[in-house]
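Note that the coordinates shown come from a computational prediction; the quantities given were computed from them, not determined experimentally.
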Amino acid sequence: MLEAWAQNKARAERITKGAVVKKTTDTVTEIAWSSDGPGSSIVKYGTSPNALNQTAEKPWGGTKESNGDYNHTVWITNLKPNTTYYFIVEIGQGLGTGTETRSRLQELHTVARK
């Protein structure tokens, strides 16, 4: 058991599924992804792919699933209606290594206000 822990400690955490935009309204979106270990859940976003200058996050952890993956979910609020946003997800302090893992750049579009 100690050997398995040491092997995990020596490598960075991986994103195993996602990130996926689960739900979007005119001002709110839910972004979810899975990783192979617990870590902080961070979404960096903005209206330009070159300026992800806003951050939404959830405390360290993640919900452990039966397959061993950890699910991460972050809600972003106070978005502008009918606007395209760009984002990446990050996992910090993955598996106690002090490393970060990032997703590829993605985009989402909020719906127009009714």
Residues R14 and D36: closest non-hydrogen pair is N-OD1, 2.9 Å

Could you tell me the separation between the CD1 atom of I88 and the CD1 atom of I15, rounded to the nearest 0.5 Å?
9.0 Å

Does the pair V74 and E30 meet the rule for a side chain to side chain contact (heavy atoms under 4.5 Å, CB included), with working shown?
CA-CA 6 Å; V74 173; E30 175 189 14; over 6 Å; no

Please check this pair: side chain of S35 against backbone of D69, looking for a donor-acceptor N/O pair closer than 3.5 Å.
no

What residue pairs, at least two apart or across chains, pass salt bridge (Lys or Arg N to Asp or Glu O under 4.0 Å) with a residue in residues 101-111?
E90-R102

Under a single-linkage definition using a 4.5 Å side-chain heavy-atom cutoff for Ile, Leu, Val, Met, Phe, Trp and Tyr, are L79 and V21 assigned to the same hydrophobic cluster?
yes

Sorted by chain and number, sequence neighbours left out, side-chain contact (heavy atoms from CB on, under 4.5 Å) with A32 holds for K22, T73

Any side-chain to backbone donor/acceptor pair from S103 onto V89? Under 3.5 Å, distance only.
yes

Sorted by chain and residue number, the side-chain contact (heavy atoms from CB on, under 4.5 Å) partners of K17 (sequence neighbours excluded) come out as S34

Side chain to side chain donor-acceptor pair (under 3.5 Å) partners for N67, two or more places apart
none

Cluster partners of W75, using ILVMFWY side-chain heavy atoms under 4.5 angstrom, listed by chain and number?
V28

What one should report as the nearest heavy-atom pair of E65 and N71 is OE2-ND2, 2.8 Å

Check the hydrophobic clustering (I, L, V, M, F, W, Y; side-chain heavy atoms under 4.5 Å; chains of links allowed) and say if F87 and I42 are grouped together.
no

Pairwise distance CG(L108) to OG1(T24) - rounded to 0.5 angstrom
5.5 Å

How close do H72 and S41 get, heavy atom to heavy atom, and via which atoms?
ND1-OG, 2.6 Å

Could you pull out all donor-acceptor pairs under 3.5 Å where a side-chain atom in residues 45-57 meets a protein atom, sequence neighbours excluded?
from	atom 1	to	atom 2	distance (Å)
Y45	OH	Q54	OE1	3.4
S48	OG	N50	N	3.2

Do the side chains of Y70 and I91 get nearer than 4.5 Å, heavy atoms only?
no

Do T110 and D26 have side chains that approach each other closer than 4.5 Å (heavy atoms only, starting at C-beta)?
no

